[in-house]
Amino acid sequence: MKLRALVLLLVLANMVFFAWTQGWLDNVVGVRAMGDREPERLARQVRPESLRILPASSAAMFATTAPAATAISAATDIEAAEGAAATSAPADAGTCLEAGPFTPAGADAAEKALRADRSADAWVRRPIEVSSRWIIYMGRYSDREVMLKKADALWRSKIPFELLKEPSRLVPGLSLGSYYSRGTADAALTKLATRGVRTAKVIELAQPATMYALRVEHADTALAEQLTAVAKNVLGDGFVPCERAIDRR
């Protein structure tokens, strides 16, 4: 009796296994008999008709030429953009030049020199608000020789300095630094004292004032040469590019 039941159980198990291998029980047991093997995977493809198999030689040629074609296309686009930019830009935009800053009287003298040089109406006078300036000053010395000896001592101590050329009330004398506030100048003088500087002091070199610059916004090559040739004894450092003029103020 037990043997008959065992045989029936084996037969039933074989029948269930056979039904599963045929895929009849996929939706019942939840385990697909075919898994991810063909042809089940092919049946799940999206638009398989759009795929095209190429020979190995064609695939190699495509891999070689595609980057080159992309590079050529990119280079062509860059050349076209540069050409368009060159076409839209003016042939000679000119250079921005500026002289100054000048006091009102200095600006008048500079404009007079420019008119005498037939550069009239090429520039505009523009105001510049100049803040106060403070310097660390050594002097005024009895003569130039005394000043040079002091300058030599500073040079040996590797302390930066400048020989003053103006104003006359401070010449001959030395400047050990220029500052836009009294507090900054005092702090710098305190540091110099630790390096052995004993006779320097902070003085106001210039008070806040309105100065003037002469600017030419768009000077072509010929006008730029003419402006830079004007006597610099009247124009100070003369005309320079506008960005340099801002730096030297």
Side-chain angles (χ1 to χ4, degrees), residues 95-114 123-217 219 224 227-249:
T95 303
C96 179
L97 299 174
E98 185 176 289
F102 304 106
T103 63
D108 291 341
E111 288 182 327
K112 183 178 179 180
L114 290 171
W123 68 89
V124 294
R125 182 192 290 206
R126 51 191 300 271
I128 300 172
E129 298 301 325
V130 179
S131 60
S132 59
R133 284 184 60 201
W134 301 80
I135 65 170
I136 299 176
Y137 176 69
M138 295 180 67
R140 181 175 184 231
Y141 297 104
S142 57
D143 56 52
R144 184 176 176 82
E145 293 300 322
V146 175
M147 180 190 68
L148 292 178
K149 288 181 180 180
K150 180 59 69 172
D152 182 66
L154 293 172
W155 180 80
R156 292 177 183 277
S157 299
K158 297 181 179 181
I159 296 176
F161 64 90
E162 178 184 356
L163 302 181
L164 288 175
K165 298 179 181 179
E166 58 180 13
S168 58
R169 62 184 175 87
L170 300 179
V171 178
L174 303 171
S175 171
L176 277 61
S178 178
Y179 306 90
Y180 289 107
S181 72
R182 176 66 188 258
T184 306
D186 286 339
L189 179 60
T190 300
K191 291 182 178 180
L192 286 173
T194 63
R195 301 178 63 182
V197 177
R198 296 287 182 265
T199 59
K201 57 186 175 182
V202 173
I203 65 170
E204 188 177 25
L205 183 64
Q207 295 182 345
T210 300
M211 305 287 281
Y212 295 90
L214 304 183
R215 172 173 287 204
V216 179
E217 291 289 352
L227 290 172
T228 54
V230 177
K232 290 188 177 182
N233 62 329
V234 177
L235 296 182
D237 292 331
F239 279 92
V240 297
C242 293
E243 59 272 15
R244 282 181 53 196
I246 294 174
D247 291 341
R248 74 184 184 185
R249 289 173 196 165

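The structure displayed is predicted, hence computed values, not measured ones. When a residue number appears, it is its place in the shown sequence, counting from 1. What you see below is based on every heavy atom in this structure, not just the backbone, and it leaves out hydrogens, waters and symmetry mates.
Under the salt bridge (Lys or Arg N to Asp or Glu O under 4.0 Å) criterion, the residue pairs touching residues 177-187 are Arg182-Asp186, with sequence neighbours excluded. Pairs passing the side-chain hydrogen bond (donor to acceptor under 3.5 Å, both in side chains) check and including a residue from residues 187-197, sequence neighbours excluded, do not occur.
Here Ser181 pairs with Thr184 under the side-chain contact (heavy atoms from CB on, under 4.5 Å) rule; sequence neighbours left out. Partners of Arg125 under the side chain to side chain donor-acceptor pair (under 3.5 Å) rule, at least two apart in sequence or in another chain, are Asp108, Glu111.
Rounded to the nearest 0.5 angstrom, Phe239 CZ and Cys96 SG are separated by 10.5 Å. Once rounded to the nearest 0.5 Å, the distance linking CG of Leu192 with CD1 of Ile136 reads 5.0 Å.
Residues Leu97 and Cys242 come closest through the heavy atom pair N-SG, 3.5 Å. The shortest heavy-atom contact between Phe102 and Ala107 is CB-N, 3.4 Å.
The side-chain heavy atoms of Tyr180 and Arg133, taken from C-beta on, include a pair separated by under 4.5 Å.
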N/O donor to acceptor pairs below 3.5 angstrom from side-chain atoms of residues 198-213, sequence neighbours left out:
{"from": "Arg198", "atom 1": "NH1", "to": "Ala193", "atom 2": "O", "distance (Å)": "2.5"}
{"from": "Thr210", "atom 1": "OG1", "to": "Glu129", "atom 2": "OE1", "distance (Å)": "3.1"}
{"from": "Thr210", "atom 1": "OG1", "to": "Glu129", "atom 2": "OE2", "distance (Å)": "3.1"}

Contacts under 3.5 angstrom, residues 158-171 side chains, donor-acceptor by atom type, not counting sequence neighbours:
none

Exercise answer: donor-acceptor pairs, residues 145-154 side-chain atoms, under 3.5 Å, sequence neighbours excluded:
{"from": "Asp152", "atom 1": "OD2", "to": "Arg156", "atom 2": "NE", "distance (Å)": "2.9"}

